Participant: 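After the structure tokens below, expect a handful of questions from me.
When a ligand or atom number is given, it counts from 1 through the structure's own listing order. As the structure is a prediction and not an experimental result, all values here were calculated from the model. Reckoned from all heavy atoms, side chains included, excluding hydrogens, waters and symmetry mates.
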Amino acid sequence: MSSNERTFTLTDNQSGSSWDLPVMHGSLGPDVIDVRKLYAETGCFTYDPGFTSTGSCESKITYIDGDEGVLLYRGYPIEQLAEHSDFMEVCYLLLYGNLPSGEQKVKFEHDITYHTMIHEQMQTFLRGFRRDAHPMAVMCGMVGALSAFYHDSQDISDPKHRMIASYRMIAKMPTIAALAFKYNLGQPYVYPKNKLRYAENFLHMMFSNPCEEYEMDPVLARAMDVILILHADHEQNASTSTVRLAGSSGANPFACISAGIASLWGPAHGGANEAVLKMLEEIGDKSNVDKFVAKAKDKNDPFRLMGFGHRVYKNFDPRSRVMRTQCHKVLDALGVHNEPLLEIALELEKIALEDDYFIEKKLYPNVDFYSGIIFKAMGIPTTMFTALFAVARTVGWIAQWNEMIEDPSQKIGRPRQLFTGAEQRDYVAVDKR
Ligand code: SDX
């Protein structure tokens, strides 16, 4: 280790021993203390439940500055991508690391489009679910079941196999999500149309039926495209970490994505958009906002303002600002004025942002705060909100999964623990207990 390299010195106050821990520097963000040899050298583990201070990997995909409210996909600010790009281009960017040329973009979009159908046999699984099955339960099952259909792209050591599986996952998620939606409705499944672009195809599969074609509103199609961009990736969040951990054992990509869907489902994570709408409906009127803000501040009340707060953002989530703009555009396009839920959300945002509790804890609206209002206005049921999030996040999960597989330092993830249970003791026969 050269003398000018930064190190942290760790000293054991009981033995007097000390160790110099190397510090690694990234291109952006905090340095990291390399503790890979800590246990071998000190006999101690680190302890960080929830990983609030732990970097799990090196990544080049997404960067968040939580204090400044910055989100970059491969270096590009989310606001610029939301304004100038489209979801297919963002998928290419996340997967390959750079924006595509015109020719690359056309080929990528064509290749994704021609993977949007699912094997007809997949419908048999669907019939096994109750009609009122939550779409996320259906997606967990159906995506995991894809492992049974694509034996030709499961050699994860083969880059070609990994890319085919990646394209299949990105392409088939909207089809599976729409299938779950139609199954809930009791309507026939709508096949994808190759002439439609990704977001339009998704709306078509959700809202067309044999009796009439869905009339595509360009404002809604663009809103869906932007929403997919906003939700595409977000560093090592819970569901992405789940995909990486599942993938670290060599599990096939479809099984890993199914695990990511399961993790995203939780109300503290991707399930928050569904929880926000339920919360706004429970508040019911602007006049009740103060009461719910008080509940959120009450240490003895488990209630939290859904759509507020974030592990990383201690400023506005930049996605929530873009989402709020899209919310107004969608409501205007649909001719929805004085939407009570939006009125409540705006009042809630105003009061919370002026309240000392939220200010000192740096709790701001996150990506989920406005998305539910847009989805509801578009005629999407609450139970489908997290499924939409899963459709968008699939490209992030798969890009991170590929990066993990290609990382030469990658090994199976296997955390340790602080054991506080019973020390070793001998078995006692039942008649002696
Ligand atoms: C997503 O990780 C990602 O990047 C996720 C995501 C992505 O794109 O992948 O951004 C998507 O999951 C967004 C977050 C959606 N979840 C919600 O909106 C649910 C409501 N938010 C909270 O549950 C909470 O803010 C979390 C889970 C998002 C973050 O929790 P942390 O980082 O573990 O923070 P914490 O629970 O330690 O909270 C710190 C303090 C606590 O008070 P004290 O114990 O210090 O007194 O803030 C309080 C909390 O009680 N607090 C809240 C609150 N969120 C935190 N109080 C009231 N309402 C809230 N929403």
Participant: Less than 3.5 Å between some nitrogen or oxygen of Asn366 and one of ligand 1, yes or no?
Facilitator: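 Yes - when backbone and side-chain N and O of Asn366 are compared with those of ligand 1, one distance drops under 3.5 Å.
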
Participant: Output yes when the distance from some N or O of ligand 1 to some N or O of Lys314 is under 3.5 Å, and no in every other case.
Facilitator: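 Checking ligand 1 against Lys314, no N or O pair falls under 3.5 Å apart.
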
Participant: Checking a contact table here: which protein heavy atom is nearest atom 55 (C) of ligand 1, and how many Å away?
Facilitator: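 Result: Leu363 CD2, 3.6 Å.
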
Participant: I want to confirm something. Looking only at heavy atoms, which of Arg311, Met306, His269 is nearest to atom 11 (C) of ligand 1?
Facilitator: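 Selected option, by shortest heavy-atom distance: His269.
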
Participant: So which heavy atom in the protein is nearest atom 4 (O) of ligand 1, and how far is it from that ligand atom?
Facilitator: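 Ranked first by proximity to atom 4 (O) of ligand 1 is His234 ND1, 2.6 Å.
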
Participant: Less than 6.0 Å separating the ring centroids of His269 and His234?
Facilitator: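 Centroid separation for His269 and His234: 6.0 Å or greater.
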
Participant: Within a 6.0 Å radius of atom CZ on Phe51, are there more than 12 heavy atoms belonging to other residues, nucleotides or ligands?
Facilitator: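 Check fails, neighbour count at 12 or below.
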
Participant: Considering only heavy atoms, does Thr52 approach ligand 1 within less than 4.0 Å through its side chain, its backbone, both, or neither?
Facilitator: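 Neither; nothing of Thr52 gets under 4.0 Å from ligand 1.
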
Participant: Closest non-hydrogen protein atom to atom 45 (O) of ligand 1, residue and atom name please, with distance?
Facilitator: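 Protein heavy atom at minimum distance: Lys361 NZ, 3.5 Å.
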
Participant: Among protein heavy atoms, which sits nearest to atom 41 (C) of ligand 1, and what does the distance come to when rounded to 0.1 Å?
Facilitator: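 The protein heavy atom lying closest is Arg304 NH2, 4.0 Å.
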
Participant: Answer yes or no: does an N/O atom from Phe308 fall short of 3.5 Å to an N/O atom of ligand 1?
Facilitator: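 Right, the criterion is met.
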
Participant: Could you please spell out the steps behind the side-chain contact (heavy atoms from CB on, under 4.5 Å) verdict for Phe202 and Met173?
Facilitator: CA-CA 9 Å; Phe202 189 26; Met173 283 298 269; over 6 Å; no

Participant: Can you tell me the protein heavy atom closest to atom 18 (O) of ligand 1 and the distance?
Facilitator: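 Sorting protein heavy atoms by distance from atom 18 (O) of ligand 1 puts Gly307 N, 2.8 Å first.
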
Participant: For atom 46 (O) of ligand 1, what is the nearest protein heavy atom, given as residue, atom name and distance?
Facilitator: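 It is Lys299 NZ, 2.6 Å.
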
Participant: Could you check whether any heavy atom of Tyr357 sits closer than 4.0 Å to an atom of ligand 1, since that is the contact criterion I want to use?
Facilitator: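 The answer is yes: ligand 1 sits under 4.0 Å from a heavy atom of Tyr357.
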
Participant: Between Phe129 and Tyr183, is the ring centre distance below 6.0 Å?
Facilitator: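 Judged by ring-centre distance (under 6.0 Å), Phe129 and Tyr183 do not meet the cut-off.
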
Participant: Does even one non-hydrogen atom of Val312 get within less than 4.0 Å of ligand 1?
Facilitator: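 So Val312 does not count as touching ligand 1.
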
Participant: Are any of the N or O atoms of Ala268 closer than 3.5 Å to those of ligand 1?
Facilitator: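 Yes: some nitrogen or oxygen of Ala268 is under 3.5 Å from one in ligand 1.
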
Participant: Determine, using ring centers only, whether Phe358 and Tyr364 are less than 6.0 Å apart.
Facilitator: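 Distance test on ring centres: not under 6.0 Å, no.
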
Participant: Aromatic contact between Tyr189 and Tyr191, with the criterion being ring centroids under 6.0 Å apart: yes or no?
Facilitator: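 Yes - the distance between ring centres of Tyr189 and Tyr191 falls below the 6.0 Å cut-off.
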
Participant: Of all the heavy atoms in Arg319, does at least one lie under 4.0 Å from an atom in ligand 1?
Facilitator: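 Right, Arg319 reaches ligand 1.
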
Participant: In the protein, which heavy atom is nearest to atom 10 (O) of ligand 1, and how far is it?
Facilitator: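 Nearest neighbour among protein heavy atoms for atom 10 (O) of ligand 1, to 0.1 Å: His310 NE2, 2.6 Å.
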
Participant: With a 4.0 Å cut-off on heavy atoms, is Arg393 touching ligand 1?
Facilitator: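 Checking ligand 1 against Arg393, which is what was asked, there is a heavy-atom contact under 4.0 Å.
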
Participant: Is there any N or O on Ala272 that sits under 3.5 Å from an N or O of ligand 1?
Facilitator: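 No; every N/O pair is 3.5 Å or more apart.
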
